[in-house]
K.L.:
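Can you read through this structure? Questions will come right after.
Because the structure is predicted, anything quoted here is derived from the model rather than measured. These values consider heavy atoms only, across backbone and side chains, with no hydrogens, waters or symmetry-generated copies.
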Amino acid sequence: MSRSRVRVSWGGMTLRRPEKFNALDIPMLRALDEALDRAEANQDVRVVLVCGEGKGFCGGGDIDAWSSLDPLQFQFDWIRYGHRVFDRLAQLRQPTIAVLSGHALGGGLELATACDFRVAEPHVKLGFPETSLGVVPGWSGTQRAVRRYGPQTVRRLALGGEIITAAEALTLGIVDRVAEPGAARATAQEWASQIAARAPLAVEATKMLIALAEGEGGAASAEALASGFVSMTQDVKIGADAFRNRQKANFARS
């Protein structure tokens, strides 16, 4: 492939398949997964913007990529892998902002939903059209979306097939801000700068606590918070030193 399907420039990542309205296929999901690993490991990145190249944010899953799969491939190679990547995005340690300068439909709206915030331009349309194609929203459009937007809103989109505008999405809590035409990225960058100016550890811990309340990656968030707290005490040093010296740890000195 001549270029990466997901371009990374800190702190942002851009879906790069504009001729297909950035519709997702397995190579794009893999590239997104790798980009998330790089973002997580980069201590200088405080906020991650998720963007789409060209006229669309993301048109969802590429029909040509999944329609020829047999049932087991569809279930495991497509749905479960995509779910894993989107969960990875939702649980990223940094806050994330989806920059909706183009439409977000099906898997594209699920991708945006996995982000912490969404900024849209007025012309953008959003929806879950999967049932008109004979499939269900498979990347948490019936789960994370319900937790974040409420069941009745998701019923309208996924069962009723409504395609809504950015203005209506704002009133429903699907997007957080509607920017001026052509200004979604600038609006998101300004917002990201405000977030990045705050204490980074407090921001990360607060994101984890909100995730716990929301039921998002609960076990991982709880154990990460507890481990981070314990690692700041003398217990870790005492225990590790005792192990290296083949001695019994004396935590009375902790």
Side-chain angles (χ1 to χ4, degrees), residues 6-15 32-52 57-58 85-101 104 109-121 124 126 140 144-145 147-150 166 169-180 182-234 236:
V6 177
R7 183 180 68 233
V8 179
S9 58
W10 302 116
M13 51 189 70
T14 303
L15 304 178
L32 180 58
D33 203 8
E34 293 168 1
L36 292 169
D37 283 340
R38 294 198 296 276
E40 186 94 300
N42 192 326
Q43 296 297 318
D44 294 328
V45 175
R46 301 285 185 86
V47 182
V48 175
L49 272 56
V50 181
C51 312
F57 171 71
C58 179
V85 175
F86 282 27
D87 288 349
R88 180 81 178 81
L89 173 60
Q91 294 164 29
L92 198 69
R93 65 178 179 83
Q94 299 101 328
T96 52
I97 304 176
V99 182
L100 308 182
S101 54
L109 181 52
E110 289 170 311
L111 179 67
T113 300
C115 295
D116 294 302
F117 307 107
R118 286 151 293 282
V119 175
E121 293 180 14
V124 166
L126 308 95
S140 214
R144 181 177 295 113
R147 294 196 300 270
R148 296 195 171 179
Y149 311 141
L170 181 65
T171 66
L172 293 171
I174 297 176
V175 302
D176 300 285
R177 297 184 182 181
V178 176
E180 295 295 322
R185 189 180 184 102
T187 300
Q189 287 174 329
E190 181 180 357
W191 197 0
S193 295
Q194 294 169 0
I195 296 170
R198 307 177 80 82
L201 292 179
V203 167
E204 288 182 29
T206 300
K207 175 172 175 171
M208 286 186 186
L209 289 168
I210 294 169
L212 276 170
E214 195 179 33
E216 184 75 67
S221 294
E223 290 176 356
L225 285 168
S227 297
F229 167 74
V230 169
S231 70
M232 290 187 288
T233 71
Q234 286 295 309
V236 173

K.L.:
Side chain to side chain contact (heavy atoms under 4.5 Å, CB included) with Gln43: which residues, sequence neighbours excluded?
P.N.:
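With neighbours one apart ignored, the set is Arg93.
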K.L.:
On a heavy-atom basis, which atom in Ala179 and which in Val119 lie closest, and how many Å separate them?
P.N.:
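Shortest heavy-atom contact: CB-CG1, 4.1 Å.
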K.L.:
For Leu36, which residues count as a side chain to side chain contact (heavy atoms under 4.5 Å, CB included) partner, sequence neighbours excluded?
P.N.:
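Leu36 satisfies side chain to side chain contact (heavy atoms under 4.5 Å, CB included) with Met13, Leu32, Val85, Arg88, Leu89, Leu92 once adjacent residues are dropped.
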K.L.:
To the nearest 0.5 angstrom, please state how far the CZ atom of Arg38 sits from the CG atom of Asp33.
P.N.:
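The CZ atom of Arg38 sits 10.5 Å away from the CG atom of Asp33.
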K.L.:
Please list, one pair per line, the donor and acceptor atoms closer than 3.5 Å that link side chains of residues 186-202 to other protein atoms, with sequence neighbours excluded.
P.N.:
unit_1, atom_1, unit_2, atom_2, d
Thr187, OG1, Ala183, O, 2.8
Ser193, OG, Gln189, O, 3.0

K.L.:
Among residues at least two apart in sequence or on other chains, which ones pass side-chain hydrogen bond (donor to acceptor under 3.5 Å, both in side chains) with Asp116?
P.N.:
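side-chain hydrogen bond (donor to acceptor under 3.5 Å, both in side chains) list for Asp116, sorted by chain: Thr96, Lys207.
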K.L.:
Does Arg144 have any side chain to side chain contact (heavy atoms under 4.5 Å, CB included) partners at least two apart in sequence or in another chain, and if so, which?
P.N.:
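Partners of Arg144 under the side chain to side chain contact (heavy atoms under 4.5 Å, CB included) test: Phe86, Asp87, Ala90, Thr113, Ala114, Ser140, Arg147, Arg148, Glu216.
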K.L.:
Which heavy atom of Gln94 sits nearest a heavy atom of Asn42, and at what distance?
P.N.:
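In this case the closest contact between Gln94 and Asn42 is NE2-O, 3.8 Å.
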K.L.:
Going by the rule side chain to side chain contact (heavy atoms under 4.5 Å, CB included), which residues pair with Glu121 if we only count those two or more places apart in sequence or in a different chain?
P.N.:
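With neighbours one apart ignored, the set is Ser101, His123, Val124, Ala184.
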K.L.:
Mind listing the closest non-hydrogen atom pair of Ala166 and Val178 along with its distance?
P.N.:
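Taking every non-hydrogen atom into account, O-CG2, 3.7 Å.
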K.L.:
Go through the steps to decide whether Val50 and Phe57 satisfy the test side-chain contact (heavy atoms from CB on, under 4.5 Å), and finish with yes or no.
P.N.:
CA-CA 9 Å; Val50 181; Phe57 171 71; 4.2 Å; yes
K.L.:
If you round to the nearest 0.5 Å, how far is OH of Tyr149 from CG of Leu126?
P.N.:
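Result: 8.0 Å between the selected atoms.
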